[in-house]
Undergrad: 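Structure below; questions to follow.
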Amino acid sequence: QVQLVESGGGLVQAGESLRLSCAASGSTFSMNAMGWYRQAPGKQRELVAAIASGGSTLYAASVKGRFTISRDNAKNTVYLQMNSLKPEDTAVYYCNGDRIWAAVLRAHFGSWGQGTQVTVSS
């Protein structure tokens with residue numbers, strides 16, 4: 001069992017930055033690949049960025065060039081640096097992971113953490 005705790009969200013103005021953190025505890029060996037996801041009101045949850053155990057990354061087109069995902073394996077923590085934030089980035093952000101890369105891309109997880117709210121004002 002893995003516990004995930006997201007933090008770092010807040011209220012910012014358009015153009016500003018935030019860094020989200022996702023701390024994992026428990027059986028973290030089962031999460032070789034990690035992803036950040038977001039869900040805006042009235043919309044489905046979507047993949048924002050993913051990172052493999054070796055450091056390969058993937059980004060949604062809407063955030064490429066503005067967001068950077070990284071991980072510190074020693075600390076079992078995954079980060080999402082968000083720059084040049086836009087009002088359309090407003091959402092609850094979640095992290096999750098799996099042994100398998102494809103599972104992270106599909107976002108088929110049995111459970112989610114509480115997420116962290118990001119609100120970007122114009």
Side-chain angles (χ1 to χ4, degrees):
Q1 194 77 9
V2 179
Q3 294 76 45
L4 300 168
V5 178
E6 303 95 341
S7 62
L11 171 63
V12 297
Q13 293 188 336
E16 294 184 339
S17 299
L18 280 174
R19 189 175 85 151
L20 306 184
S21 298
C22 170
S25 60
S27 303
T28 56
F29 65 87
S30 65
M31 292 194 168
N32 292 333
M34 296 293 298
W36 279 100
Y37 308 82
R38 67 186 180 187
Q39 187 167 22
K43 295 188 177 181
Q44 288 192 335
R45 187 151 29 204
E46 62 175 353
L47 174 67
V48 174
I51 186 166
S53 58
S56 299
T57 58
L58 178 146
Y59 296 94
S62 59
V63 306
K64 191 173 292 185
R66 300 188 297 122
F67 291 11
T68 302
I69 188 171
S70 62
R71 64 192 299 164
D72 184 334
N73 291 330
K75 295 182 178 180
N76 289 328
T77 301
V78 179
Y79 304 98
L80 185 68
Q81 178 67 43
M82 306 187 295
N83 298 330
S84 303
L85 282 161
K86 303 176 180 180
E88 50 264 43
D89 294 319
T90 295
V92 178
Y93 283 71
Y94 303 87
C95 67
N96 219 321
D98 196 275
R99 291 185 300 106
I100 304 171
W101 179 249
V104 170
L105 301 187
R106 291 195 304 267
H108 287 178
F109 302 110
S111 63
W112 294 85
Q114 82 286 353
T116 186
Q117 175 71 48
V118 172
T119 303
V120 184
S121 64
S122 58

Undergrad: I'd like to check V5 versus Q114 (side-chain heavy atoms, cut-off strictly below 4.5 Å). Are they in contact?
TA: yes
Undergrad: Shared ILVMFWY cluster between V63 and I69, side chains joined below 4.5 angstrom?
TA: yes
Undergrad: Output the distance between atom CZ (R19) and atom OG1 (T68), rounded to the nearest 0.5 Å.
TA: 11.5 Å
Undergrad: Do Y93 and L4 sit in one hydrophobic cluster, given that two such residues count as connected whenever their side-chain heavy atoms are within less than 4.5 Å of each other, even indirectly?
TA: yes
Undergrad: Taking all heavy atoms of S84 and all of S17, pick out the closest pair and write down the distance.
TA: N-OG, 4.2 Å
Undergrad: Are L11 and L80 connected in a single hydrophobic cluster, I mean Ile/Leu/Val/Met/Phe/Trp/Tyr linked by side-chain heavy atoms less than 4.5 Å apart?
TA: no
Undergrad: Would you compute the distance between atom CD of E88 and atom OG of S122 and round it to the nearest 0.5 angstrom?
TA: 10.0 Å
Undergrad: Sub-3.5 Å donor-acceptor pair from the side chain of E6 to the main-chain atoms of T116, do we have one?
TA: no
Undergrad: For ring-ring contact (aromatic ring centres under 6.0 Å, His included), just list the numbers for W36 and F67, CA-CA rounded to whole Å, side-chain angles, deciding distance to a tenth of an Å, and then say yes or no.
TA: CA-CA 11 Å; W36 279 100; F67 291 11; over 10 Å; no
Undergrad: Would you mind reporting whether R38 and S62 have side-chain heavy atoms less than 4.5 Å apart?
TA: yes
Undergrad: Hydrophobic clusters here meaning ILVMFWY residues chained together by side-chain heavy-atom distances under 4.5 Å, can you tell me if Y94 and I51 are in one?
TA: no
Undergrad: Do any N or O atoms from the side chain of N32 and from the backbone of W101 form a donor-acceptor pair under 3.5 angstrom?
TA: no
Undergrad: When you measure from the side chain of T90 to the backbone N and O of V120, does any donor-acceptor pair fall under 3.5 Å?
TA: yes
Undergrad: Output the distance between atom CG (L18) and atom CD (Q81), rounded to the nearest 0.5 Å.
TA: 8.5 Å
Undergrad: Could you state whether V78 and V2 fall into the same hydrophobic cluster, counting links through intermediate Ile, Leu, Val, Met, Phe, Trp or Tyr residues with side-chain heavy atoms under 4.5 angstrom apart?
TA: yes
Undergrad: Could you grab the distance from atom CD of Q3 to atom OG of S111, nearest 0.5 Å is fine?
TA: 9.5 Å
Undergrad: Looking at R71 and G54, would you say the former's side chain and the latter's main chain have a donor-acceptor pair under 3.5 Å?
TA: no
Undergrad: Measuring from atom CG of N96 to atom NE2 of H108, what distance do you get when rounded to the nearest 0.5 angstrom?
TA: 12.0 Å
Undergrad: Just how far is it from atom CE of M34 to atom CG of D98, taken to the nearest 0.5 Å?
TA: 10.0 Å
Undergrad: Can L20 and V118 be said to form a side chain to side chain contact (heavy atoms under 4.5 Å, CB included), step by step?
TA: CA-CA 9 Å; L20 306 184; V118 172; 4.1 Å; yes
Undergrad: Ignoring hydrogens, what is the shortest heavy-atom contact between Y37 and A107? Give both atom names and the distance.
TA: CE2-CB, 3.5 Å
